[in-house]
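Contents: one structure, followed by commentary.
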Amino acid sequence: MQPFRVHVPDEVLSDLRERLARTRFPPSLGTGWERGVDLDWLRRAVDHWRHGYDWRAAEREMNRWPQFREQIEGLQIHFQHVRAGGLPLLVTHGWPGSFLEMSRLLPLLVEAGFDVVVPSLPGYGFSPPPGRTGVNAQVIADVWAELMSRLGYPRFGAQGGDIGAAVSTWLALRHSQRLAGLHLNYIPGSYRPDPTLPPPDAEEQAYLAAAEAWSAAEGGYSHQQRTRPDTLGVGLDDSPAGLLAWMGEKLRGWSADFDRSFTLDDVLTHVTLYWVTRTATSSVRLYYENRLMPVHLREGERVRVPTAIARFPLEVPMPPLSWIRRGYDVVRHTELPRGGHFAAWEEPELLAADLRAFFADRR
């Protein structure tokens, strides 16, 4: 297991600034965020990225916590690991996030006594792109289980949102004896319970219709990533402004209060991480792989690990509790007063408190 420190070569940062200087912006219609990224915001953000943003300061912040890389099943995995002497807790991010999502949550968990492991998904940030196809959330769950074994943790808790919720769900399905508990602030979009159960009731049918409507109105990004990631990736890997537009729109659209939760430097750190590691294409490929291996429970199958659901009010689409209970053994359900999709970043204190309460009796 190799210790890891973040340091991007100067020439990579110089190339980034040169590309930003050559950005060709489309003409603005003055429609704000109505049709996608606000092009006036994008111009200001690109100018700050060139002239005001300090990646070296971001590197120093990342290097505050111990980081490592480990080779597992042909994949090189980057992860943060902080020992505090208590229950090991494995926390998995999603897209367009990264291990940076946990920056505000990690110290709170360490303070609460958890041993915290925050890996980067394969092909995200400092976990290099897989050299093969077929690396989906189920495969990643097996890699995570092996990582925890190598760290000396036969038993641990798992937490996840977005793609991290899918990985954590597969962990519970495939390695249930290892998990002290499962904590989710999102339910995988592909989740479908045992098909032999009774048909959805009225509330569940309303949710399924609402989820379909949300996908039609907001899910264009997902359809492209699930079906033609390599076509999209050419632009994302070649144009930093294009990458900022693609990711920045989602950071804004899925957060409860973008201006409160993210400074412009925060946004640029998240996007620069993808740029300097050249993992934009590999990150969206995971959508393609997960489409081929959805979280569809078979007859008689369910997540039998005790599960906690933290529901942040602006997380959409989020199913009703009855639909979740069809496939998960839910023992705790918390309605949080505020927050959106990026819970660990937006409301770390609320998420940490719910994790402490859930795992208090499972240590």
Side-chain angles (χ1 to χ4, degrees), residues 1-10 12-13 54-130 135 140-141 143-153 156-164 167-168 171 265-266 268-280 282-283 286 342 344-345 348 351-352 355:
M1 215 166 275
Q2 298 297 316
F4 179 83
R5 285 184 65 80
V6 179
H7 181 76
V8 172
D10 287 337
V12 174
L13 301 178
D54 186 355
W55 169 257
R56 295 302 182 201
E59 286 186 336
R60 290 191 292 273
E61 188 65 23
M62 293 179 215
N63 288 327
R64 287 179 53 209
W65 301 101
Q67 301 171 77
F68 304 87
R69 270 178 166 175
E70 176 72 333
Q71 194 85 6
I72 304 175
E73 295 185 15
L75 303 171
Q76 193 173 42
I77 302 301
H78 161 265
F79 62 99
Q80 294 174 309
H81 181 209
V82 184
R83 296 185 185 270
L87 176 73
L89 182 61
L90 176 66
V91 185
T92 307
H93 67 84
W95 184 93
S98 66
F99 77 101
L100 295 175
E101 276 188 76
M102 312 309 164
S103 302
R104 299 170 177 176
L105 178 67
L106 190 153
L108 301 177
L109 296 178
V110 172
E111 182 181 314
F114 290 99
D115 276 19
V116 186
V117 180
V118 182
S120 295
L121 292 166
Y124 283 66
F126 300 112
S127 288
V135 178
I140 295 169
V143 171
W144 276 196
E146 176 61 21
L147 173 63
M148 296 302 279
S149 293
R150 295 187 189 185
L151 291 173
Y153 298 133
F156 56 93
Q159 200 287 325
D162 195 76
I163 293 173
V167 173
S168 300
L171 264 169
D265 278 5
D266 292 334
L268 293 176
T269 296
H270 282 272
V271 177
T272 304
L273 173 65
Y274 278 76
W275 179 263
V276 298
T277 57
R278 301 183 67 176
T279 54
S282 54
S283 73
L286 186 51
F342 305 102
W345 182 269
L351 184 55
L355 283 162

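Given the structure is predicted, the values throughout are model-derived calculations rather than measurements.
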Say you draw a straight line from [atom1] of [X] to [atom2] of [Y]; how long is it, rounded to the nearest 0.5 Å?
X    : Y    : atom1 : atom2 : answer
W55  : T272 : CH2   : OG1   : 6.0 Å
L90  : L151 : CG    : CG    : 9.5 Å
T279 : Y274 : OG1   : OH    : 6.5 Å
L106 : H81  : CG    : NE2   : 10.5 Å
R5   : R60  : CZ    : CZ    : 11.0 Å
S98  : M62  : OG    : CE    : 7.5 Å

So, for [X] and [Y], which heavy atoms are closest and what is the spacing to 0.1 Å?
X    : Y    : value
M102 : A344 : SD-CB, 3.5 Å
P9   : R56  : C-NH2, 4.0 Å
L171 : A141 : CD2-O, 3.4 Å

Under the 3.5 angstrom rule, does the side chain of [X] hit a backbone N or O of [Y] as a donor-acceptor pair?
X    : Y    : answer
R69  : F126 : yes
S127 : S120 : yes
S168 : G164 : yes
R104 : W345 : yes

Next item on the list: Verify the ring-centre separation between F4 and F68: is it less than 6.0 angstrom?
Entry: no
Notebook entry, point to check: Is it true that W275 and H270 have ring centroids separated by less than 6.0 Å?
Noted result: no
For a 4.5 angstrom cut-off between non-hydrogen side-chain atoms, does [X] reach [Y]?
X    : Y    : value
L100 : S103 : yes
D115 : V117 : no
I77  : P122 : yes
M148 : P119 : no
P66  : F79  : no
V135 : L286 : no
E59  : V8   : yes
L351 : Q159 : yes

Note to self: Checking side chain to side chain contact (heavy atoms under 4.5 Å, CB included) between F114 and each of V82, L87, L108, which is the one that passes?
What the structure shows: L87
Notebook entry, point to check: Counting heavy atoms not belonging to E111, are there more than 12 under 6.0 Å from its CD?
Noted result: no
Note to self: Can you tell me if Q2 has over 12 outside heavy atoms packed within less than 6.0 Å of its CD?
What the structure shows: no
Notebook entry, point to check: Can Q67 and N63 be counted as having a side-chain donor-acceptor contact under 3.5 angstrom?
Noted result: yes
Notebook entry, point to check: Between the side chains of W144 and T92, is a donor N or O closer than 3.5 angstrom to an acceptor N or O?
Noted result: yes
Note to self: V116 vs V118, test: side chain to side chain contact (heavy atoms under 4.5 Å, CB included). Steps then yes/no.
What the structure shows: CA-CA 7 Å; V116 186; V118 182; 3.8 Å; yes
Note to self: Using 30° and 60° as the class boundaries, would you call the ring planes of H78 and F99 parallel, tilted or perpendicular?
What the structure shows: perpendicular
Next item on the list: Could you check V91 against L109 for side chain to side chain contact (heavy atoms under 4.5 Å, CB included), going step by step and ending with a plain yes or no?
Entry: CA-CA 10 Å; V91 185; L109 296 178; 4.2 Å; yes
